[in-house]
Trainee: 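Dropping a structure here in structure tokens format, bear with me for questions.
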Amino acid sequence: MKTREITLEEVLNQREERMYAIEKVKIDYPNHSVISYQLNIPGPIKNDDLLLYAFEAGMKQIKDAELIVDWRENRTGPEAILIYEKDANQTKLEMIKIEEDFPLGRLFDLDVAGADRKALDIAPRKCLICNEPAHVCSRSRKHGLEEVLNKIYEIIEDYQKENS
């Protein structure tokens, strides 16, 4: 796969497109939970063969999805919108279980429309490097981009070796 650096503008535009797509899915499937899935990858490269491998492994973990409404391999990284026929809080708990228990889960961003960790009284996600709250390390840039990316690729490569 050919990789290409992306700009902040591309990331922000894709985030906006995803937001509109989620709103449309919520209208089309009012009795379902809507899951937005992408990878948490810092830096300007969001799409390469290893990242796509990790994304696809995550898709296999989302077993109860009623329907994959949208799946794209964007320059800003792969993403999917899925629906569950369960309430948002129950769906969020299931997605958190994947994020916490699956070996690649720390790399996943499994958002559920209308539900969040804080409202469910669940601790914030931990940093890949030091286990402090991830948002604190991210905001302060406690760890350099290269260190974080090396850890991400190490996690993926270890998983790949164990499952090939």
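All values below were derived from every heavy atom in this structure, side-chain atoms included, with hydrogens, water molecules and symmetry-related copies excluded. Keep in mind that this is a model prediction, so the values were computed, not measured.
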Trainee: Applying salt bridge (charged side-chain N to carboxylate O under 4.0 Å, His left out), name anything that partners Glu23, two or more places apart in sequence or on another chain.
Mentor: Lys26
Trainee: Using side-chain heavy atoms (C-beta onward) and a distance below 4.5 Å, is Gln14 in contact with Arg18?
Mentor: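 Yes. Closest side-chain heavy atoms under 4.5 Å.
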Trainee: Tell me, which pairs form a side chain to side chain donor-acceptor pair (under 3.5 Å) where one or both residues lie in residues 131-143, sequence neighbours left out?
Mentor: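 Passing the test, one end in residues 131-143: no pairs.
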Trainee: Closest heavy-atom contact between Asn89 and Ala115?
Mentor: OD1-CB, 3.6 Å
Trainee: Can you list the residues that meet the salt bridge (charged side-chain N to carboxylate O under 4.0 Å, His left out) rule with Arg106, with sequence neighbours excluded?
Mentor: none
Trainee: Return the set of residues passing side chain to side chain contact (heavy atoms under 4.5 Å, CB included) with Lys151 (not counting sequence neighbours), or none when no residue passes.
Mentor: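 For Lys151, the residues satisfying side chain to side chain contact (heavy atoms under 4.5 Å, CB included) (neighbours in sequence not counted) are Leu128, Ile129, Glu154, Ile155.
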Trainee: According to side chain to side chain donor-acceptor pair (under 3.5 Å), who are the partners of Asp28, at least two apart in sequence or on a separate chain?
Mentor: Lys24
Trainee: Linking directly or through intermediates, with side-chain heavy atoms under 4.5 Å: list the remaining ILVMFWY members grouped with Ile96, chain and number order.
Mentor: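 Grouped by the 4.5 Å side-chain rule, Leu93, Leu120, Ile122 form the rest of the cluster around Ile96.
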Trainee: Please tell me if the side chains of Thr91 and His32 come closer than 4.5 Å, counting only heavy atoms from C-beta onward.
Mentor: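 Contact flag for Thr91/His32 side chains = no.
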Trainee: Just jot down the salt bridge (charged side-chain N to carboxylate O under 4.0 Å, His left out) partners of Glu17, sequence neighbours excluded, or say none.
Mentor: Arg72
Trainee: Between Pro42 and Leu149, what is the shortest heavy-atom contact and its length?
Mentor: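 For Pro42 and Leu149, the tightest heavy-atom pair comes out as O-CD2, 3.6 Å.
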Trainee: Suppose the criterion is side chain to side chain donor-acceptor pair (under 3.5 Å): which pairs have a residue in residues 108-124, not counting sequence neighbours?
Mentor: Gln38-Asp109, Glu99-Arg117, Glu100-Arg117
Trainee: A side-chain contact here means heavy atoms from C-beta on lying under 4.5 Å apart; do Phe108 and Leu39 qualify?
Mentor: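 Side chain of Phe108 against side chain of Leu39, heavy atoms only: contact under 4.5 Å found.
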Trainee: What closest approach, in Å, do Val112 and Ala88 show between heavy atoms, and which atom pair accounts for it?
Mentor: CG1-O, 3.6 Å
Trainee: Which residues satisfy the side chain to side chain donor-acceptor pair (under 3.5 Å) test with Tyr153, sequence neighbours excluded?
Mentor: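 So Tyr153 forms a side chain to side chain donor-acceptor pair (under 3.5 Å) with Asp48.
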Trainee: Per the side chain to side chain donor-acceptor pair (under 3.5 Å) rule, what does the pair list look like for residues 155-164, sequence neighbours excluded?
Mentor: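 For residues 155-164, and leaving out neighbouring residues, there are no side chain to side chain donor-acceptor pair (under 3.5 Å) pairs at all.
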Trainee: Under the side chain to side chain contact (heavy atoms under 4.5 Å, CB included) test, which residues partner Asn150, sequence neighbours left out?
Mentor: Glu146
Trainee: List, by chain and then residue number, the residues other than Val136 in its hydrophobic cluster (Ile/Leu/Val/Met/Phe/Trp/Tyr, side-chain heavy atoms under 4.5 Å); write none if there are no others.
Mentor: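 Hydrophobic cluster check, Val136: no partners found.
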